[in-house]
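Chain naming here is simple, since letters A, B, ... match the order of the sequence lines and numbering starts at 1 in each. These numbers come from a predicted model, not from an experiment.
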There are 4 protein chains.
Amino acid sequence: MTERTGNTRERIQQVALDLFAEQGYDKTSLREIAERLDVTKAALYYHFKTKDEILGSVLDDYLTEVEELADWAEQQPQDAEHRREVLTRYIDIAGRGIKAARFVQRAPEHTGQSGIGERFMKAMKRMNLVFASQDAPLAERLRTSMGIISVHMGLMIFGPESARPEERGYDPDEVRAAVTEVATELVIGADKRAAR
Amino acid sequence: MTERTGNTRERIQQVALDLFAEQGYDKTSLREIAERLDVTKAALYYHFKTKDEILGSVLDDYLTEVEELADWAEQQPQDAEHRREVLTRYIDIAGRGIKAARFVQRAPEHTGQSGIGERFMKAMKRMNLVFASQDAPLAERLRTSMGIISVHMGLMIFGPESARPEERGYDPDEVRAAVTEVATELVIGADKRAAR
Amino acid sequence: MTERTGNTRERIQQVALDLFAEQGYDKTSLREIAERLDVTKAALYYHFKTKDEILGSVLDDYLTEVEELADWAEQQPQDAEHRREVLTRYIDIAGRGIKAARFVQRAPEHTGQSGIGERFMKAMKRMNLVFASQDAPLAERLRTSMGIISVHMGLMIFGPESARPEERGYDPDEVRAAVTEVATELVIGADKRAAR
Amino acid sequence: MTERTGNTRERIQQVALDLFAEQGYDKTSLREIAERLDVTKAALYYHFKTKDEILGSVLDDYLTEVEELADWAEQQPQDAEHRREVLTRYIDIAGRGIKAARFVQRAPEHTGQSGIGERFMKAMKRMNLVFASQDAPLAERLRTSMGIISVHMGLMIFGPESARPEERGYDPDEVRAAVTEVATELVIGADKRAAR
DNA sequence: GATGAATGAGTATTCATTCAT
DNA sequence: AATGAATGAATACTCATTCAT
């Protein structure tokens, strides 16, 4: 009784996300995914129409959460308190969807052709605009951008699946605290400075 | 008779760096490079042994400069003043080798297999260690890492060859000032805080 | 409750014939047929053993009619009057089974491997022999062949489902008259000439 | 000394045309072509950018000749004598490019997507219009169309490469005479009738 | 009377690389 | 200093078919 319970679709998604996060989208071939699951490539095509659709399905949850956050954030007053709240929520989302977030950080390579690429670029742009408007001073915009990136990078570098083995094994709460601290300085400290 | 003689090697390097920076290493094919130069692919192999060697030769200057900077920095006292100096020099190097820096930032995709990947990972690690030791608090380490990354990102996003057309056209000095401001906060501000 | 029961088999045949006539046998995939019917591919296999059997079942009526016509024709005296009669009947059959006739005309591509291919080649050969014997002069044989082909072509080009939109919309009787005129000239005119 | 003299490109064209004429474009795979030439598939791609380009290059001569004939024909007076001349020339062209002509006759399957498909449809349409205008009676138009088709069919059925082995081996001149006779009746006989 | 899940063999195309000239 | 010709291995994707349920 090998536990093959109609879960192939989800197994594909898991493996695909793992590999995409590890090696990037382009470097991950369908052959690789199929082999790791011990099915044929054609089986992947039973569950998904294209490779891109696999990526889409795998980023969908993450992206949806980010989009909903952006929706909410755009309706809030743009003060320090709310920014802090938005940032905390974003860290939550990225923490849960850590592999997606990792993929997202290195994604520029892929963006542009696939529908999913555009969707995700738009979401990221909206997040950026929550923290600094398009016509804020360059330093301000760079700082808040780096705030968001620091979330991805912090989780990538010190998280449980870091590419650098010597960095694995930190306490998740410690990592989260560090990420929150740095990202907050960049995003909210920015706000305080602007208020001066 | 202004026949361009002997400069093919350099022309290859230029075109290759342009394309690598634009599209990434993997997405750039030798066919593309050769076509743009109006030579055959085989000509590339006359000048370089492999694709990876092209990349290596193209990153070499940049990497050498960074390595020399690291050499120097490791010999200096680790105080705020010297860090500021190191950072300024790094910004100089990145500013000159902006395409290499851009490539470097998205490089994780490529690192690992090719000799050049390792060399450049090592150089980046040394730079990081100049600003925060391996056993500094996580937040501190993340902050200084973000300091370096902010240099690459600032130049990539607001520099003359930004991928986002709406961000092109800023005054280089303005960009440099913003980059310096943000990177310094992250790297030196960090220092001040640590001193408290 | 007008649940369509038991008619799936026929619906498959209809859709398949439509698509085969439009795009050809090879370019029509079972997925396409299944999708258009909103059933799964496996359902097709419940009703037919192979793709080829679908084609067979779909051409069967047409082929049977042609075979019966050939049976009858072979028993008749080979004079102009009877030839005219055979031709008229053939035009009737082709007019009713216009999609089958259309498929038949372009069929050479397919003939040879599938049982149905052979059957239909044989039927066509018999029709040809009704109008000109194997040892008639080449011109005579070509002329009568063209007579039969002109039936298919006339219906294909000027019929209601012509591939060329600008040719759709002629009065069916007009088309039939033209077809009859040309085919008769080729088949019977031939006869008269032969009689001279 | 195996006679491998830079002629691969032409060998590809020959083999491709053979196979296209025999089996049709879609049913002919690049693997098949490559195997028959004892080269790899990649070698085909050294000489041609796509499969379609192979087809294009292979039909080009034929198509060019037909187009030039159409150019010329459109400038001539539309009388029986000139039509006879055009037809004779067309039979010449088809006789020389018999495989192309054969492919052309069954081409509808392929036409439409590939650039070459359109080009060739246009050429055929022009040939048709030389013999009967768009608003001639249906029978007239069908008859002249059949005139052209009878050229292809005659050569296909009775020519040296007939698909039916029992029809191979006729004297080429005899075939040509038969084709000329039937095609002329259809195309010029038509004219006489119209003149009545 | 059908579906869900899968397979094996195939397709066109691309790429880094090689080597004789 | 370079080209022309080719290869081997890979890639994303499609198709007819099977079978347990």
Q. Do side-chain atoms of C/Thr28 reach the backbone of C/Gln23 as a donor and acceptor pair under 3.5 angstrom?
A. no
Q. CD of A/Glu53 versus C1' of F/dA12: gap in Å, rounded?
A. 14 Å
Q) To the nearest angstrom, how far is B/Leu44 atom CG from E/dC15 atom C1'? A) 13 Å
Q) What stems, by residue range, does DNA chain E take part in, given at least 3 consecutive Watson-Crick or G-U pairs under 3.5 Å? A) E:2-21 with F:2-21
Q | Letter per nucleotide, 5' to 3', of nucleotides 16-21 of chain F [B base touched, S only sugar-phosphate touched, - untouched; heavy atoms, 4.0 Å] | A | BBBB--
Q.
When you measure from the side chain of B/Arg36 to the backbone of B/Arg31, do you find a donor-acceptor pair of N or O atoms at a distance under 3.5 Å?
A. no
Q: Taking only the side-chain nitrogens and oxygens of A/Thr8, find out if one of them lies under 4.0 Å from OP1 or OP2 of E/dA6.
A: yes
Q) Separation of C/Asp38 atom CG from E/dA2 atom P, in whole Å? A) 12 Å
Q: Report yes or no: is the cationic atom of A/Lys51 (NZ for Lys, CZ for Arg) under 6.0 Å from the centre of the six-membered ring of A/Tyr25, at an angle within 45° of the ring normal?
A: yes
Q) Counting just side-chain N and O atoms, does B/His47 come under 4.0 Å of either OP1 or OP2 of F/dA1? A) no
Q.
For B/Phe20, is there any backbone N or O sitting under 3.5 Å from a side-chain donor or acceptor partner on B/Arg102?
A. no
Q.
Looking at B/Tyr46, I'd like to know whether one of its side-chain N or O atoms comes within less than 4.0 Å of OP1 or OP2 on F/dA2.
A. no
Q. With sequence neighbours excluded, what pairs up with D/His47 under the ring-ring contact (aromatic ring centres under 6.0 Å, His included) test?
A. none
Q. Rounding to a whole Å, what distance do you find between D/Lys27:NZ and E/dG10:P?
A. 14 Å
Q. What distance do A/Lys27 atom NZ and B/Lys27 atom NZ have between them, rounded to the nearest 0.5 Å?
A. 13.0 Å
Q: Whole angstrom is fine here: how far is it from CZ in A/Arg9 over to P in E/dT3?
A: 19 Å
Q. Is the backbone N or O of C/Ile98 less than 3.5 Å from a side-chain atom of C/Tyr62, with the two atoms forming a donor-acceptor pair by type?
A. no
Q. Looking at C/Ala100 and C/Leu17, what are the two nearest heavy atoms and their distance?
A. N-CD1, 4.1 Å
Q. Which residue, D/Glu32 or A/Ala43, contacts DNA chain E at a nucleotide closer to its 5' end, judged by nearest heavy atom?
A. A/Ala43
Q. Per the side-chain contact (heavy atoms from CB on, under 4.5 Å) rule, which among A/Ile116, A/Val15, A/Leu59, A/Leu30 passes with A/Ile54?
A. A/Leu30
(Q) Distance check needed: F/dT14 P versus A/Phe48 CZ, whole Å only. (A) 15 Å
Q. Can you tell me how far P of F/dC15 sits from CD of C/Glu35, to the nearest Å?
A. 10 Å
